[in-house]
Amino acid sequence: MDINPAQPRIIELTEYENKLFQRDEIPYSAGVELYEKYKIQVDIEFPTYKTRENWKLKAKGWVGYIPVTPELHLKINPKVPIQNLFGMLEYAYNLKGFRFLEGLMDCESNSETSQSFSGLNSVSSGV
């Protein structure tokens, strides 16, 4: 008998952008967990009259993937496209360019490239 665990809900944020979620989109316990463990990476406002009874989240210059609970994960995207990120790294570290050797890494999307830099289940400071 195969048991297929439910896929977690993944909420996407972009660093430095506010995003609102309806009260029932984020369990209260997940909000507490996010605040307690990741308040350095993410600003969180709980549903109140001020937020029109919505959750308000904002990534604070960190990019990566946060498994808040088994049911709720956050994916924080950089504010700049990944192509621009390579250019910034080349400039900042006086690099001649990036070259990916064939066969070492397969990427189907920018999402996979972002995860390669930030590491799975980790959060890293923005560039």
Side-chain angles (χ1 to χ4, degrees):
M1 173 185 229
D2 289 329
I3 297 176
N4 186 10
Q7 293 291 328
R9 176 158 191 259
I10 299 172
I11 291 178
E12 286 199 48
L13 301 175
T14 300
E15 63 177 331
Y16 299 115
E17 291 181 9
N18 288 316
K19 191 162 184 182
L20 296 174
F21 298 92
Q22 292 181 356
R23 176 187 284 271
D24 63 350
E25 289 185 86
I26 300 174
Y28 185 83
S29 59
V32 170
E33 186 83 7
L34 184 60
Y35 178 78
E36 292 294 326
K37 291 187 176 177
Y38 301 103
K39 60 185 159 212
I40 292 172
Q41 291 83 14
V42 179
D43 274 334
I44 181 169
E45 287 188 46
F46 287 71
T48 63
Y49 177 78
K50 179 181 162 190
T51 63
R52 305 279 190 218
E53 300 304 325
N54 292 306
W55 293 92
K56 184 177 175 183
L57 303 178
K58 179 180 178 181
K60 302 192 294 187
W62 295 76
V63 194
Y65 194 80
I66 302 174
V68 180
T69 67
E71 299 79 28
L72 182 72
H73 295 188
L74 289 184
K75 179 182 171 209
I76 305 173
N77 298 312
K79 67 181 176 181
V80 296
I82 196 76
Q83 307 88 287
N84 292 5
L85 184 58
F86 287 123
M88 286 188 275
L89 289 171
E90 288 174 4
Y91 180 79
Y93 294 103
N94 198 25
L95 302 173
K96 294 184 192 238
F98 282 93
R99 186 178 77 170
F100 292 99
L101 301 176
E102 263 188 62
L104 294 180
M105 179 176 85
D106 284 334
C107 285
E108 303 263 336
S109 68
N110 284 347
S111 172
E112 291 181 27
T113 305
S114 298
Q115 286 182 349
S116 296
F117 283 111
S118 62
L120 292 175
N121 297 328
S122 66
V123 177
S124 58
S125 180
V127 174

Separation of Y16 OH from I76 CD1 (nearest 0.5 Å): 11.0 Å
To the nearest 0.5 Å, what is the distance between CG (N77) and CD (E17)? 9.5 Å
Rounded distance [0.5 Å steps], NZ in K56 versus CG in N54: 10.5 Å
Counting heavy atoms not belonging to R52, are there more than 12 under 6.0 Å from its CZ? no
Parallel, tilted or perpendicular: which describes the rings of W55 and F46, with under 30° parallel and over 60° perpendicular? tilted
Out of curiosity, L20 CG to E45 CD, how far, rounded to the nearest 0.5 Å? 9.0 Å
First locate atom NE2 of H73, then atom CD of Q7, and finally report the distance between them rounded to the nearest 0.5 Å. 9.5 Å
Measure the CD-OH distance between E12 and Y65 for me, rounded to the nearest 0.5 Å. 9.5 Å
Please check if the side chain of E15 supplies one atom and the backbone of K79 the other of a donor-acceptor pair under 3.5 Å. yes
What residues, two or more places apart in sequence or in another chain, satisfy side chain to side chain contact (heavy atoms under 4.5 Å, CB included) together with I40? W62
Does any N or O in the side chain of K60 come within less than 3.5 Å of the main-chain N or O of K39, such that one atom is a donor and the other an acceptor? yes
Does F21 share a hydrophobic cluster with V32, counting links as ILVMFWY side-chain heavy atoms below 4.5 Å and allowing steps through other members? yes
Under the side-chain contact (heavy atoms from CB on, under 4.5 Å) rule, what do V68 and I11 come out as? Steps first, then yes or no, please. CA-CA 10 Å; V68 180; I11 291 178; over 6 Å; no
Hey, mind stepping through L34 and L72 against side-chain contact (heavy atoms from CB on, under 4.5 Å) and telling me if it holds? CA-CA 10 Å; L34 184 60; L72 182 72; over 6 Å; no
Verify the cluster assignment for Y35 and Y28: are they in a single hydrophobic cluster under the rule of side-chain heavy atoms below 4.5 Å apart? yes
Given the options L13, N18, T14, I44, K58 meets side-chain contact (heavy atoms from CB on, under 4.5 Å) only with N18
I would like to know whether R9 and E25 meet salt bridge (Lys or Arg N to Asp or Glu O under 4.0 Å); could you show each step before the answer? CA-CA 9 Å; R9 176 158 191 259; E25 289 185 86; 3.0 Å; yes
Determine the minimum heavy-atom distance between I26 and G31, stating which atoms define it. CG2-N, 4.1 Å
Measure across P8 and P70 and return the closest heavy-atom pair with its distance rounded to 0.1 Å. CB-O, 3.3 Å
